[in-house]
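One structure below.
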Protein chains: 2
Amino acid sequence: MEAKEFLPVVRELARCYQAFECYSSRHVRSLGLTPSQFDIIATLGNTEGMTFKQLGEMTLITKGTLTGVVDRLVARQLVKRVASPMDGRSQIVQLTDDGVAMFERTFPAAINHLGKALDGMTSTELDKTHTVLRNLTRIFKRETKAG
Amino acid sequence: MEAKEFLPVVRELARCYQAFECYSSRHVRSLGLTPSQFDIIATLGNTEGMTFKQLGEMTLITKGTLTGVVDRLVARQLVKRVASPMDGRSQIVQLTDDGVAMFERTFPAAINHLGKALDGMTSTELDKTHTVLRNLTRIFKRETKAG
DNA sequence: CAGATATTGTTCTAACTAGAACCATATGTC
DNA sequence: GACATATGGTTCTAGTTAGAACAATATCTG
């Protein structure tokens, strides 16, 4: 194997994600939601709701974890569970009225906060970044499937 | 604000990190360590040990969390705490003999596993990826400092 | 239709996580 | 040297995390 320097790259990936998480999480928490809770509220916004499975795929939260996070949002009356008419095993998660209000209060603010950081990037830079990330994601996904 | 598409970019960053984490974590767990534990073992390898502060900066684990992770490694006799001769507040964390053995058993294996995924990338691609990530990291770090 | 297999969501466990409050020790200022 | 302030680790709390085992429902195959 050629001595390619991939270790610094994955360390930078971790640092990058961490830096984003730190920047974003601080703001989200100040709005009264954990990052996971915000992810769910944001994903459910402007939809008729979706199943746990769909919600897990969108938010990258595994199903065992998702149950707990949704439980807490149900306790705060921000979302509700509805039995799926299509599939007896399935639950549909929907924003309540309070949840919609929370979405409308937090989502634009979060977008705006993110924009403050990324507005310095040109569209070209954003595109390049997107492409590079997509490529790296694909590599890990492929290898994970393989073994 | 111009309608730049930064939302897909940060979602891709999350997906990318997640894909890496999944690929890497599965392997590390099969070696008998959690990802955080492996991070610490890997960071301490080939050093004389370092303080909690340094260790936290290298691994991106916050200090409150670090205490617990190190506690578990101490319980497994893979690392030890040594009082710093320089600073009465400071603890130095060092690999034990068992810890060194664990490092030698797991670190090359992890590098090799990672290499299997990334060997398909050319050095040029790796460089570009590194540059793009470093740029994005810098943006979030700067903004986090600012507020 | 019946039995085998797969899928959806829940439960359980062990661990990690950030953040805040706290204690002990250092450092800066007078 | 005394006091204010900063720093290194620990403790505590609420929450997230993955993974495995599980129950209920679907689907597939004969």
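Order of the sequence lines fixes the chain letters, A, B, ..., with proteins taken first and strands second; residue numbering starts at 1 for each chain.
- Toward the 5′ end of DNA chain D lies the nearest nucleotide of A/Pro35, the other residue of the pair A/Pro35 and A/Asp87 mapping further downstream.
- Residue B/Gln94 comes nearest to B/Glu48 through the heavy atom pair NE2-O, 3.0 Å, listed as atom of the first residue, atom of the second, then distance.
- Salt bridge present: B/Glu12 and B/Arg15 bring a charged side-chain N and a carboxylate O closer than 4.0 Å.
- B/Ser90 comes within contact range of the sugar-phosphate backbone alone, with a heavy-atom separation under 4.0 Å but no base atom that close.
- In this structure, A/Leu66 atom CG and D/dA20 atom P are separated by 19 Å, rounded to whole Å.
- As rounded to whole Å, 14 Å separates atom P of D/dA14 from atom CZ of A/Arg76.
- Atom NZ in A/Lys53 sits about 4 Å away from atom P in C/dT8, given to the nearest Å.
- For A/Thr51, whose side chain is taken as the heavy atoms from C-beta onward, the closest listed nucleotide among C/dG9, D/dT17, C/dT17 is C/dG9.
- Among the heavy atoms of the strands lying under 4.0 Å from A/Gly88 are primed sugar atoms or P, OP1, OP2 only; no base atom is included.
- B/Leu33 places its CG atom 15 Å from the C1' atom of C/dA14, with the value rounded to the nearest Å.
- B/Ser30 and B/Arg26 share no donor-acceptor pair across their side chains, judged by distance under 3.5 Å alone.
- Comparing B/Gly68 and A/Ser25 along DNA chain C, the residue whose closest nucleotide (by nearest heavy atom) sits nearer the 5' end is B/Gly68.
- Between A/Thr67 and C/dT10 there is a side-chain N or O to OP1 or OP2 distance below 4.0 Å.
- Of the side-chain N and O atoms in B/Arg81, one or more sit less than 4.0 angstrom from OP1 or OP2 of D/dT10.
- The B/Gln18 side chain lies nearest to D/dA18 when the options are C/dT10, D/dA18, D/dT17.
- Set against D/dT25, D/dG15, D/dG8, the side chain of A/Arg89 has D/dT25 as its closest nucleotide.
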Distances under 3.5 Å between protein N/O atoms and the N/O atoms of nucleotides 1-5 of chain D, please, pair by pair.
none

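- The interatomic distance linking B/Lys63 (NZ) with C/dT17 (C1') rounds to 15 Å, in whole Å.
- For the pair B/Asp71 CG and C/dT17 C1', the interatomic distance rounds to 15 Å; values are reported in whole Å.
- A/Gln37 has its CD atom 14 Å from the C1' atom of D/dT17, to the nearest Å.
- Between A/Phe140 and B/Tyr23, the two ring planes are tilted [angle within 30° to 60°].
- Between A/Arg81 and A/Asp71 there is a salt bridge, with a side-chain nitrogen of the basic residue lying less than 4.0 Å from a carboxylate oxygen of the acidic one.
- Between B/Phe103 and B/Phe107, the angle of the ring planes stays under 30°, which puts this pair in the parallel group of the 30/60° scheme.
- Scanning both residues, A/Ile139 and B/Met121, for their nearest heavy atoms gives CD1-CG, 3.4 Å.
- Within 4.0 Å (heavy atoms only), B/Thr62 reaches at least one base atom of the nucleic acid.
- Distance CD1 (B/Ile61) to C1' (C/dA18): 12 Å, rounded to an integer number of Å.
- Looking at the side chain of A/Arg29, the nearest of the listed nucleotides C/dG19, D/dT17, D/dT10 is C/dG19.
- A donor N or O paired with an acceptor N or O is not found under 3.5 Å between the base of C/dA15 and the side-chain atoms of B/Thr34.
- In the model, B/Gln91 has no side-chain atom that pairs as donor or acceptor with a side-chain atom of B/Thr51 under 3.5 Å.
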